[in-house]
Amino acid sequence: MSTKARKIYYNLHSGKNSKLAYFARCYLRRCMPSRLLQSRRQSLLDEVQQRADKDYILQRVDYYCRLNEAGELSAEDQVDFLRQSMPVGKQPVLHPKVYYFDSMQYARWFPPTSRWILLPGDITHVPQLPSIVKSRPLGGDNHRSVLLNLDKVRHFTFVNDRKPFTEKKDQAIFRGLIAQVRDGGLKTNRYDFMEKFFGHPMVDAGVIDKRFPEWLTEKITIAEHLDYKFVMALEGNDVASNLKWIMSSNSVAVMPPPTCETWFMEGTLIPDYHYIAIKPDYSDLESRLQYFIDHPDEAQAIIDHAHDYVAQFRNARRELLISLLVLDRYFRATASQ
């Protein structure tokens, strides 16, 4: 297949969420008057008290928003918060726009005077003031990083994989970028991986950065990834964006323990239960792959556990309730006393 034909094929069959459909839904959603949403908010939140999954919902809310509902901010912090925050009703459009649309999907349920600090992009630090973020670092005190499901069109992709694990290639696959989006530097973990495993018989590794012609390969679709028993989930600027669709498939995610998390709660994943854990220097990758090739029943157990984990994010109404409760707690915790 020629390079041009390959590009057309990829664009038509990538397997990723359609951005056209995503933005169409976003603009249609904006046609709903915010006052109508606000009038329904409390009754919707009250519904949680009657649900059989109430405890589960509240556990998720506690995980995403670890702020105290009262007394979170000192007098000095309150001054700084008022200076740096923005009323949600005056929130300008952000770039990329997905952060604006995904956050406002929930913020429009609240009074326009509610104030927040919304940080777009791949956030790997803990802000000094409580902020709404897509991602936060694991470990340490990260309670002022409040998670919402942002950039979901890119990160929350799930698949319907019909090929059994046993019928897939006895290899791991990696395709991705190495250059940092933010500063033009290197994603050193991915660079190190390519140095060690490009051309390895157990790993089909390639990059899509033209800066690295020695490793450059064509983009391949998600379906083509799923011809392999193992898919590398290597963190980029923050999390591994492919982890969600890998865990919904009949292939197994292979990765070092995560250092960042998003709405997917990567920090709750259990090594060798939800994914195959390897050392950060990849020194045990070959032996780990061979073990699960030789023990397909154990690999299948990981796949089953991953499917169960992914299932918790598929209930759209419950995801809405959790999102609204997260913002409700955030606004209460940061309100001026």
Side-chain angles (χ1 to χ4, degrees), residues 15 138 157-176 178 187-208 214-215 217-236 239-261 264-313:
L138 287 166
T157 301
F158 300 126
V159 298
N160 180 19
D161 184 7
R162 297 182 178 179
K163 180 176 286 190
F165 176 82
T166 53
E167 295 181 11
K168 301 188 178 197
K169 298 178 184 178
D170 290 340
Q171 289 179 295
I173 185 168
F174 170 76
R175 291 291 186 276
I178 293 181
K187 302 174 183 180
T188 54
N189 62 320
R190 294 185 176 189
Y191 185 88
D192 292 346
F193 177 82
M194 290 301 303
E195 276 200 314
K196 293 177 180 179
F197 289 100
F198 182 75
H200 192 285
M202 296 187 72
V203 182
D204 183 346
V207 303
I208 55 176
E214 68 275 26
W215 298 332
T217 54
E218 296 285 352
K219 291 182 179 181
I220 65 171
T221 66
I222 289 177
E224 289 169 320
H225 279 81
L226 300 183
D227 287 333
Y228 296 78
K229 287 182 175 176
F230 311 101
V231 184
M232 302 302 302
L234 304 183
E235 291 185 328
V239 298
S241 60
N242 63 349
L243 181 60
K244 290 85 168 173
W245 60 255
I246 300 172
M247 288 181 58
S248 69
S249 77
N250 292 326
S251 298
V252 187
V254 182
M255 64 182 190
T259 65
C260 295
E261 67 177 345
F264 197 59
M265 303 189 296
E266 285 87 347
T268 68
L269 294 173
I270 302 171
D272 298 325
Y273 185 86
H274 293 120
Y275 66 95
I276 295 173
I278 57 173
K279 295 178 181 178
D281 65 0
Y282 313 116
S283 59
D284 60 345
L285 175 59
E286 185 174 351
S287 63
R288 297 293 283 154
L289 295 181
Q290 190 61 57
Y291 178 87
F292 285 100
I293 291 171
D294 295 339
H295 299 82
D297 290 346
E298 293 186 38
Q300 186 61 51
I302 293 177
I303 292 168
D304 294 340
H305 299 151
H307 289 179
D308 290 342
Y309 187 90
V310 166
Q312 67 186 313
F313 301 99

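Please read these numbers as outputs of a predicted model, since none were measured by experiment. Throughout, numbering of the chain's residues begins at 1 and tracks the sequence.
In this structure, Leu285 and Met232 have side chains that are in contact, with non-hydrogen atoms separated by less than 4.5 Å. Contact annotation: the side chain of Met202 approaches that of Gln290 to within less than 4.5 Å [non-hydrogen atoms, C-beta and beyond]. With a 4.5 Å cut-off on side-chain heavy atoms, Cys260 and Glu266 do not count as touching. For the pair Tyr282 and Arg288, the minimum side-chain heavy-atom distance is 4.5 Å or more. When side chains are defined from C-beta on, Met265 counts as touching Phe313, because their heavy atoms get closer than 4.5 Å. Within the 4.5 Å cutoff, the side chain of Glu235 has heavy atoms near those of the Asn189 side chain. Taking the side chain as every heavy atom from C-beta outward, Phe264 and Val310 approach each other to under 4.5 Å.
With hydrogens and angles disregarded, a donor-acceptor distance shorter than 3.5 Å links the side chain of His307 to the backbone of Ser249. Between the side chain of Ser251 and the main chain of Phe230, no donor-acceptor pair closer than 3.5 Å is present. Side-chain N or O atoms of Arg175 include one that pairs as donor or acceptor with a backbone N or O of Asp204 at under 3.5 Å. Asp272 places a side-chain N or O within 3.5 Å of a backbone atom of Ala277 that can act as its donor or acceptor partner. Counting only distance, with no hydrogens or angles, the side chain of Lys196 and the backbone of Asp281 share a donor-acceptor pair below 3.5 Å. With hydrogens and angles disregarded, no donor-acceptor distance shorter than 3.5 Å links the side chain of Tyr275 to the backbone of Met247. Between the side chain of Glu224 and the backbone N or O of Thr221 there is at least one donor-acceptor pair closer than 3.5 Å.
Between His305 and Tyr273, the ring planes are parallel. Angles under 30° get that label, and only those over 60° would be called perpendicular.
With a 6.0 Å radius and a threshold of 12 heavy atoms from other residues, nucleotides or ligands, Lys219 has its NZ atom at or below the threshold.
Here the CE atom belonging to Met255 is positioned 10.0 Å from the CG atom belonging to Leu234, to the nearest 0.5 angstrom. In this structure, the separation between CD1 on Ile222 and CD1 on Ile246 is 9.5 Å, given to the nearest 0.5 Å. Atom CD1 of Ile303 and atom CZ of Phe165 lie 5.5 Å apart (nearest 0.5 Å). The distance from the CD atom of Glu261 to the CG atom of Leu269 is 9.5 Å, given to the nearest 0.5 Å. Atoms CZ and CG, on Phe197 and Asp192 in that order, are 11.0 Å from each other to the nearest 0.5 Å. Between the CG atom in Leu243 and the OG1 atom in Thr157 there is a gap of 12.0 Å [rounded to 0.5 Å].
When Asn250, Asp161, Asp227 are each tested for a side chain to side chain donor-acceptor pair (under 3.5 Å) with Lys168, only one passes: Asp161.
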Q: Take Tyr291 and Ile276, measure what side chain to side chain contact (heavy atoms under 4.5 Å, CB included) needs, and give me the verdict at the end.
A: CA-CA 10 Å; Tyr291 178 87; Ile276 295 173; over 6 Å; no

Q) Between His295 and Gln300, does a side chain to side chain contact (heavy atoms under 4.5 Å, CB included) hold up when you go through it step by step? A) CA-CA 9 Å; His295 299 82; Gln300 186 61 51; over 6 Å; no

Q: Start with the C-alpha gap between Phe198 and Glu214, add the side-chain angles, then the distance that decides, and say whether side chain to side chain contact (heavy atoms under 4.5 Å, CB included) holds.
A: CA-CA 9 Å; Phe198 182 75; Glu214 68 275 26; 6.0 Å; no

Q | Worked check of side chain to side chain contact (heavy atoms under 4.5 Å, CB included) between Thr259 and Leu138 | A | CA-CA 5 Å; Thr259 65; Leu138 287 166; 5.7 Å; no

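Between Phe174 and Phe193, the distance from one ring center to the other falls under 6.0 angstrom.
Taking both residues in full, the closest heavy atoms of Ala233 and Ala240 are given as C-CB, 3.6 Å, listed atom of the first, atom of the second, then distance.
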